[in-house]
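FYI, the numbering just counts along the sequence from 1. Everything numeric in this text was worked out from a predicted model, so none of it was measured.
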Amino acid sequence: MIPLNQRLKKVSTYIQGYCLADIGSDHAYLPIFAIENNLTQKAIAGEVIKGPFEASRRNVIEQQLHSVIDVRLGDGLSVIQTSDDISSITICGMGGPLIAKILDEGSEKLTNQPRLILQSNIQSSAIRKQLIKMNYSIIAEDILEEKGHIYEIIVADYLEGVEPLSSQALKFGPELLKHKNNLFFKKWKREREALYTIQQNLNPQHHAERLNEINHEINLINEVI
């Protein structure tokens, strides 16, 4: 049995359907866990770098799951074929802008309208903007802490005619705003402290525009905490 950290375990609870595609699979831990726990019947582990690709392939073979998990080398969603009949896509452990870029560049691979389960380390707002653009509606969000880092998970299903999100919902998450917990406050107080530090180190004469941006960010945070 492959051990799975709490972050990926939480991600796994949202997997649905026949086939999972895990992009940037990190040793194929999540696909292996998903198959072993009957969360899906088939899986694809996508890796863009040869080293992790080989490590993922070794793990899949060691677990004797090579008949149901296909490890593929390729960039982003390029590893997915229409015939794969993908029902869930997971992209975890990356920054929000990179996840958004992967979705944008591979949007033609989403013809099956699979569920998207996305775990970002920073700047989740970029993901939310991209989801709206692709007619994906956010159905759930989670926030969790592991080894001192606070992560956000965004789960979205395809929905024709998605309502636009307010600037507040884009930044903080529509579902997270509904259920603000201690971690939510911890994350945004930490972000506000970082902004205060930057603010104090900027020269008002030379960095007026940046200071305005930072003041706006601080005000947005103050509104929700």
Q: Determine which pairs satisfy side chain to side chain donor-acceptor pair (under 3.5 Å) with at least one residue from residues 17-28, sequence neighbours left out, and list them in order.
A: D22-S25, D22-T90
Q) Do the side chains of I154 and I99 get nearer than 4.5 Å, heavy atoms only? A) no
Q) With R210, which residues qualify under salt bridge (charged side-chain N to carboxylate O under 4.0 Å, His left out), at least two apart? A) E213
Q: Decide side-chain contact (heavy atoms from CB on, under 4.5 Å) for K42 and D85; before the verdict, give the C-alpha distance in whole Å, the side-chain angles of both, and the deciding distance to 0.1 Å.
A: CA-CA 10 Å; K42 289 186 83 79; D85 201 18; over 6 Å; no
Q: May I ask you to say whether D104 pairs ionically with K133, meaning some side-chain N is under 4.0 Å from a carboxylate O?
A: yes
(Q) Any heavy-atom pair between the side chains of N112 and S87 that's under 4.5 Å? (A) no
(Q) Using the salt bridge (charged side-chain N to carboxylate O under 4.0 Å, His left out) criterion, which residues pair with D157? Sequence neighbours excluded. (A) R115
Q: Can you tell me which residue pairs pass the ring-ring contact (aromatic ring centres under 6.0 Å, His included) test with a partner in residues 67-94, sequence neighbours excluded?
A: none
Q: Just jot down the side-chain hydrogen bond (donor to acceptor under 3.5 Å, both in side chains) partners of N222, sequence neighbours excluded, or say none.
A: R192
Q) Of I89, L103, I153, which meets side-chain contact (heavy atoms from CB on, under 4.5 Å) against L118? A) L103
Q | Residue pairs fulfilling ring-ring contact (aromatic ring centres under 6.0 Å, His included) with at least one residue in residues 93-139, sequence neighbours excluded | A | Y136-Y158
Q) Would you call L20 and L39 a side-chain contact if the rule is heavy atoms closer than 4.5 Å? A) no
Q: Could you name each residue pair satisfying ring-ring contact (aromatic ring centres under 6.0 Å, His included) that touches residues 200-225, not counting sequence neighbours?
A: none
Q) So if you build clusters from Ile, Leu, Val, Met, Phe, Trp, Tyr with side-chain heavy-atom gaps below 4.5 Å, do L4 and V68 land together? A) yes
Q) Got a sec, which pairs hit salt bridge (Lys or Arg N to Asp or Glu O under 4.0 Å) with one end in residues 5-18, sequence neighbours left out? A) R7-E146
Q: Quick one: list whatever passes salt bridge (charged side-chain N to carboxylate O under 4.0 Å, His left out) with K171, sequence neighbours left out.
A: E217
Q.
Quick check on the hydrophobic clustering: are I91 and Y151 connected, directly or via other members, by side-chain heavy-atom contacts under 4.5 Å?
A. no
Q: Apply the test side-chain contact (heavy atoms from CB on, under 4.5 Å) to residues K147 and N5: give CA-CA distance (whole Å), side-chain angles for both, the deciding distance (0.1 Å), then the verdict.
A: CA-CA 11 Å; K147 296 179 180 173; N5 60 34; over 6 Å; no
Q. Could you walk me through whether I35 and T40 pass the side-chain contact (heavy atoms from CB on, under 4.5 Å) check?
A. CA-CA 6 Å; I35 293 287; T40 193; 4.0 Å; yes
Q. In the hydrophobic clustering (ILVMFWY, side-chain contacts below 4.5 Å, transitive), which residues join V48, or is it alone?
A. I49
Q. When you measure from the side chain of K180 to the backbone N and O of V224, does any donor-acceptor pair fall under 3.5 Å?
A. yes
Q: Please answer whether the main-chain N or O of I150 pairs with a side-chain N or O of E145 as donor and acceptor at a distance below 3.5 Å.
A: no
Q) Could you give the distance from CG (N59) to CD1 (I69), rounded to the nearest 0.5 Å? A) 9.5 Å
Q: Tell me, please, which residues at least two apart from D70 pass salt bridge (charged side-chain N to carboxylate O under 4.0 Å, His left out).
A: R72
Q: State whether the number of non-hydrogen atoms from other residues, nucleotides or ligands found under 6.0 Å of E163 atom CD is greater than 12.
A: no
**Q.** Flag for Q123-N121: side-chain donor and acceptor within less than 3.5 Å
**A.** no
Q) Can you name the one residue among K178, R128, H179 that meets side chain to side chain donor-acceptor pair (under 3.5 Å) with E141? A) R128
Q.
Would the distance check show the side chain of N181 and the main-chain N or O of L183 forming a donor-acceptor pair, the cut-off being under 3.5 Å?
A. yes
Q: State which residues pass side-chain hydrogen bond (donor to acceptor under 3.5 Å, both in side chains) with K101; sequence neighbours excluded, sorted by chain then number.
A: E105
Q) Linking I/L/V/M/F/W/Y whenever any side-chain heavy atoms sit under 4.5 Å apart, do L211 and L220 land together? A) yes
Q: Begin with the C-alpha distance, continue with both residues' side-chain angles, and end with the deciding distance and a verdict on side-chain contact (heavy atoms from CB on, under 4.5 Å) for I221 and L195.
A: CA-CA 10 Å; I221 294 169; L195 288 167; 3.7 Å; yes
